[in-house]
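Input: a single structure, listed below in structure tokens.
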Amino acid sequence: MTNKKKKQSGVEVARATVQDIGMSPRKARLVIDLIRGKQVEPAFQILRFSNKKGARFACKLLESAVSNAREGARADVDRLWITRGWVDAGRTLKRSMPAAQGRAVPIRKRSAHMTIILGEK
């Protein structure tokens with residue numbers, strides 16, 4: 001299987017990353033998948049009215065990316081799109097919970113790293 005890069009339309013204007021958020025990467029990916037490829041303002045609307053836990057983190061991350069684009073690249077906010085976004089697994093805290101007959105059951109508390117890249121189309 002070859003690993004070919006897809007060509008992205010537009011150029012990267014700004015990026016924002018948040019690390020070690022307290023939720024599993026699988027659940028966070030559901031939120032990022034909702035807004036990937038959308039314009040910034042509709043993405044904010046989707047995140048504000050979503051009742052998923054990851055929407056709070058993604059909304060703050062998107063605000064940070066827009067601020068980075070506005071201040072760093074002097075970009076026009078109305079022309080910004082979410083060109084790429086992904087979620088990676090962070091560190092997993094290993095805990096144990098008491099179980100019946102003196103045993104212990106392992107608990108894995110997962111964390112995630114979110115990244116959003118904005119571009120102009």
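For the numbers below, each heavy atom of this structure counts, side chains included, while hydrogens, waters and symmetry mates do not.
Checked by atom type and distance alone, the side chain of Asp88 never pairs as donor or acceptor with a backbone atom of His113 at under 3.5 Å. Side-chain N or O atoms of Lys53 include one that pairs as donor or acceptor with a backbone N or O of Gly22 at under 3.5 Å. Gln39 contributes a side-chain N or O that, together with a main-chain N or O of Asp78, makes up a donor-acceptor pair within less than 3.5 Å.
Asn68 places none of its side-chain heavy atoms less than 4.5 Å from the side chain of Arg15.
Among residue pairs with one or both ends in residues 29-50, those qualifying as salt bridge (charged side-chain N to carboxylate O under 4.0 Å, His left out) are Asp33-Arg36; sequence neighbours excluded.
The hydrophobic cluster around Leu118 extends to Val13, Val18, Ile21, Met23, Val31, Ile32, Leu34, Ile35, Val40, Phe44, Ile46, Leu47, Phe57, Leu61, Leu62, Val66, Val77, Leu80, Ile82, Val87, Met114, Ile116, counting ILVMFWY residues whose side-chain heavy atoms fall within less than 4.5 Å of a member. Counting side-chain heavy-atom gaps under 4.5 Å among Ile, Leu, Val, Met, Phe, Trp and Tyr, the cluster of Trp86 also holds Ile117.
Separation of atoms CG (Asp76) and CZ (Arg70) is listed at 10.0 Å; rounding is to 0.5 Å.
Minimum heavy-atom separation, Ser64 to Ala16: OG-CB, 3.9 Å.
Judged as a side-chain contact (heavy atoms from CB on, under 4.5 Å), and not counting sequence neighbours, the contacts of Arg108 are Thr92, Arg110. Residues satisfying the side chain to side chain donor-acceptor pair (under 3.5 Å) criterion with Asn51, sequence neighbours excluded, are absent altogether. Scored by the salt bridge (charged side-chain N to carboxylate O under 4.0 Å, His left out) test, Arg95 finds no partners at all (sequence neighbours excluded).
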